[in-house]
Every structure is written in C-alpha cells, then in structure tokens.
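Right, one structure below, let's go through it.
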2 protein chains.
Amino acid sequence: MELSPTAYVILGMLRNGPQSGYEIKRAVDHSTRFFWAASYGQIYPELTRLAKAGLVEGHSQPTGGRRRTAYRLTDAGREELRRWLDRPPERLELRDEGLLKLFFAGAAEPGKAVEIIDAKRRLVEEKLAALRKIEPYAAAAASTDPFPYLVLRYGIESSEWVIAWCERARAELKGTRSKPKKTKRSVA
Amino acid sequence: MELSPTAYVILGMLRNGPQSGYEIKRAVDHSTRFFWAASYGQIYPELTRLAKAGLVEGHSQPTGGRRRTAYRLTDAGREELRRWLDRPPERLELRDEGLLKLFFAGAAEPGKAVEIIDAKRRLVEEKLAALRKIEPYAAAAASTDPFPYLVLRYGIESSEWVIAWCERARAELKGTRSKPKKTKRSVA
DNA sequence: ATACTCATGTAAGAAGTTACATGATTAC
DNA sequence: GTAATCATGTAACTTCTTACATGAGTAT
C-alpha cells in the first residue's frame with residue numbers, strides 16, 4: 001500500500017475514535033503542526049482517497065442542519081497504521097531560513113551576523129511561546145496517552161536549546177569581532 | 001522583487017565568485033542541504049529566471065569540448081542578496097517522521113515507543129556522521145569566512161542534542177513502564 | 001445584525017522530487 | 001574500455017499552500 005506521507009497523520013489522528021476533517025485539522029494545528037503540518041487542501045481529498053482504499057469509513061453525523069462526516073479507522077486502516085509504525089522513519093527535513101541567512105552572512109557588512117542570530121532567536125521564541133500555550137492541555141492528557149506530551153516536551157526543550165545556542169554564538173561573535181566590553185572609563 | 005525561496009540559495013552561493021549550476025548543486029549538497037536543499041530541477045530553471053531578471057549573468061566557459069556556463073552576481077543581484085539578509089527569517093519548518101511516529105506510539109503495543117526512539121536516533125546519527133565528514137573542510141575554510149562553519153557546528157551540536165534527548169526519553173520510558181534492571185539473580 | 005465557529009470542498013498555482021536524455025572528459 | 005565525474009536540461013509527477021465558495025449554528 002503506497003500512501004502519501006500526510007495520509008499517516010490522518011490515520012494516526014483517528015486512532016482514538018472518529019473525527020471529522022475539520023477536527024483533524026484542528027488537532028494537527030494544536031499538536032503535530034510543529035513537525036508535520038497539514039492543510040484542508042490535503043486533508044479532505046486524502047480522506048476521500050483513504051475511504052476509497054478502505055482504510056477509513058465516513059459516517060454522516062449532522063448537528064442539526066449542519067452537515068458533518070465523521071471518519072473512523074477500519075481494521076485495515078488500523079493495520080496500516082501499525083505497519084507504518086513498525087517501519088523506521090525516513091523523512092527528516094529542516095527548512096530554516098535563519099540558518100541560511102547566517103550561512104551567507106559573510107556577504108553583508110560585519111555586525112549583520114549578530115542581527116541575523118537575534119532575528120532567528122526571536123522566531124524560535126515565538127514558536128516556543130506557542131508550544132508553551134498548549135502545554136497544560138497536553139500535560140493533562142498525558143495520563144491517558146503519554147506520547148503527545150513527550151513529543152511536545154521535545155519541541156519545547158529543543159527550542160530552548162536553539163535559544164541557548166543563539167546566545168552562545170552571539171557571545172562568540174561579539175568576543176572575536178569587537179573589543180571586550182570593560183568600559184572602565186570612569187577609573188581612568 | 002518577488003523571488004522564490006530557492007533563488008536566495010543560488011544568489012548566496014554566488015557571493016564569492018562565479019559558479020556553474022552543477023557547482024552550485026555540489027555546494028548545496030555539501031553544506032546547506034541539511035537545512036535548505038535544492039535539486040537540479042530547481043537550480044537550472046531558477047538560474048535562467050534570475051538571468052532574465054538581471055540578478056545574475058551567465059558566461060559561456062567551455063572546458064575543451066565540454067560546455068559550461070558560469071553565472072556571476074550582478075550589482076542588482078548582490079543588492080537583492082543584501083536586502084534579503086536584512087529581512088528577518090520567516091520559514092522555519094520541520095518534517096520529522098520519527099517524531100510523528102512517536103506521537104502516535106500509543107496506537108501500537110507497549111515497547112514500540114522505545115523502538116521508535118531508537119530508530120529516530122539512528123537516523124540522526126547517520127545525519128551527524130555526514131556532517132562530521134564535511135567538518136574538516138568547513139573548518140579549514142573558516143579563516144576566510146567563519147559563517148558556514150558556524151552553521152555546520154549548529155548542525156552537529158543540535159544533532160548531538162537530539163541523540164542525548166533520545167537517550168533520556170528512552171530511559172524515562174523504560175523506567176516507568178518496566179521494572180528497573182537490577183538483574184541480581186546471581187545473588188538470590 | 002454581525003461576528004465567530006463549525007463544516008466541506010475545490011481550483012489554481014507554487015514548490016520540489018525523480019527520472020530521463022544527452023554528451024564530453026578524466027581516471028583506472 | 002569502462003566507470004566516474006562534469007555538465008545541462010526537461011517532463012512528469014507529487015506535494016502542499018492559498019484563496020475562494022458555500023452555508024448552518026451560536027454567542028454578543
């Protein structure tokens with residue numbers, strides 16, 4: 001069975017019971033999006049494909065006059081999810097514009113590198129703030145299923161590591177480039 | 001000027017003198033590919049577009065009967081590169097299949113999570129080995145331009161952090177799930 | 001009333017990968 | 001001679017994002 005990478009996010013999100021496409025998108029945005037994103041434009045067509053392949057089943061469950069289709073895993077779908085979990089991971093991709101800019105910092109005036117590091121740091125701090133916002137909910141759910149919280153902590157701790165790296169790199173650049181502070185003019 | 005994200009890799013790679021599309025690809029594979037990849041299918045068409053936009057200039061420089069077009073930055077291209085360096089980074093995307101599997105590990109039998117962590121660790125170790133292979137070359141070039149080496153060290157150190165995290169997470173899971181080792185059968 | 005959330009879907013396009021085709025030069 | 005490297009390019013395809021269209025229910 002050849003499935004698109006995003007198909008497994010959907011199968012995984014259905015592991016604990018039926019959900020609509022809208023709910024899957026919501027769950028992704030509150031959890032996996034930091035290391036595996038998915039948009040409506042992927043989710044809805046993929047749900048249709050998975051249903052055709054017999055891995056999920058859609059059931060119409062309107063709320064009043066508001067239509068809604070909840071999908072649940074079939075046995076074949078659960079089996080496919082397990083087989084995927086058995087295989088070693090392949091994709092590990094990073095797309096980091098801040099690092100790219102730092103790589104090319106030699107093309108700018110001296111001092112630009114420090115600005116680039118600070119800007120990168122700011123971007124990571126924003127990401128970290130978003131992760132911290134969802135932390136209490138993930139922590140509360142950890143007693144039922146500890147893994148989403150474990151992964152969230154990975155996100156938080158790795159962001160903290162990046163911020164610390166930025167500080168170190170900044171200090172190193174400042175130290176080699178300009179004179180050390182020691183502004184003891186008052187004494188002289 | 002609206003440029004594709006990959007356009008800036010090309011402009012950046014030309015910062016220290018002319019290069020052919022083939023050489024740019026080579027440089028990317030030996031450096032930025034760990035946080036910003038690019039394929040021939042992007043590089044060659046993009047070089048044509050950049051030349052039309054006046055940001056690079058192509059010069060035919062055949063080696064014997066082997067055709068070769070070396071591109072160099074124009075003043076406008078260098079200016080565009082500097083303006084991009086001035087803007088704060090936007091993209092910071094991760095696509096980590098190992099984390100996704102760990103997130104869904106509750107759908108598999110207990111003990112699978114440890115296997116998933118070990119597999120993730122192996123993948124990072126492979127990446128780290130590739131980075132260490134290019135380290136001596138990057139270190140040697142650091143006296144002329146320190147930034148590529150700085151970024152490489154980021155790659156190496158962050159990989160080491162991930163490996164350490166995997167060890168910690170593994171120990172934690174083993175600790176809560178099964179009894180601690182203490183196989184003192186010989187005493188009893 | 002009006003804004004927000006729930007809900008589904010598609011169309012267009014950007015971005016990126018893979019595979020292929022071609023051909024010269026160089027190293028063994 | 002044959003394998004590797006240098007070198008350019010395209011076509012087909014997959015993936016993903018963005019924007020749009022539609023419409024019902026809910027809270028203010």
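Just so it is clear: chains get the letters A, B, ... in the order the sequence lines come, proteins before strands, and each one is counted from 1. Values in this document were obtained by computation on a predicted structure and should not be read as measured data.
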How long is the line joining [atom1] of [X] and [atom2] of [N], in whole Å?
X        : N       : atom1 : atom2 : value
Tyr40(A) : dA21(D) : OH    : C1'   : 14 Å
Tyr44(A) : dT17(D) : OH    : P     : 16 Å
Arg68(B) : dT5(D)  : CZ    : C1'   : 14 Å
Arg26(B) : dA7(D)  : CZ    : C1'   : 12 Å
Ile24(B) : dA7(D)  : CD1   : P     : 12 Å
Ile10(B) : dT8(D)  : CD1   : C1'   : 14 Å
Lys25(A) : dA19(D) : NZ    : C1'   : 13 Å
Ile43(B) : dA7(D)  : CD1   : P     : 14 Å

Residue whose closest nucleotide on DNA chain C lies nearer the 5' end, Arg67(B) versus Ala70(A): Ala70(A)

Sugar-phosphate, base or nothing in reach of Arg95(A), heavy atoms under 4.0 Å: sugar-phosphate

Gap separating the OG1 atom of Thr32(B) from the CG atom of Asp96(A), nearest 0.5 angstrom: 11.5 Å

If you compare every side-chain N and O of [X] against the phosphate oxygens of [N] (OP1, OP2), does one of them come in below 4.0 Å?
X        : N       : value
Thr63(A) : dG25(D) : no
Gln42(B) : dA15(C) : no
Thr48(A) : dG9(C)  : no
Ser20(B) : dT8(D)  : yes
Ser39(B) : dG16(C) : no
Tyr22(B) : dT8(D)  : no
Arg66(B) : dT26(C) : no

Arg153(B) charged N/C atom sitting above Tyr149(B) aromatic ring, 6.0 Å / 45°: yes

Steps toward ring pair (Phe, Tyr, Trp, His ring centres under 6.0 Å) verdict (Tyr154(A), Trp161(B)): CA-CA 11 Å; Tyr154(A) 175 100; Trp161(B) 183 88; 5.6 Å; yes

Closest to the Ala37(A) side chain, choosing from dT17(D), dT8(D), dC16(D): dT17(D)

Sole residue of Leu152(B), Ile134(B), Asp29(B) in side-chain contact (heavy atoms from CB on, under 4.5 Å) with Phe34(B): Ile134(B)

Tyr22(B)-Leu73(B) co-clustered via ILVMFWY side chain contacts under 4.5 Å: no

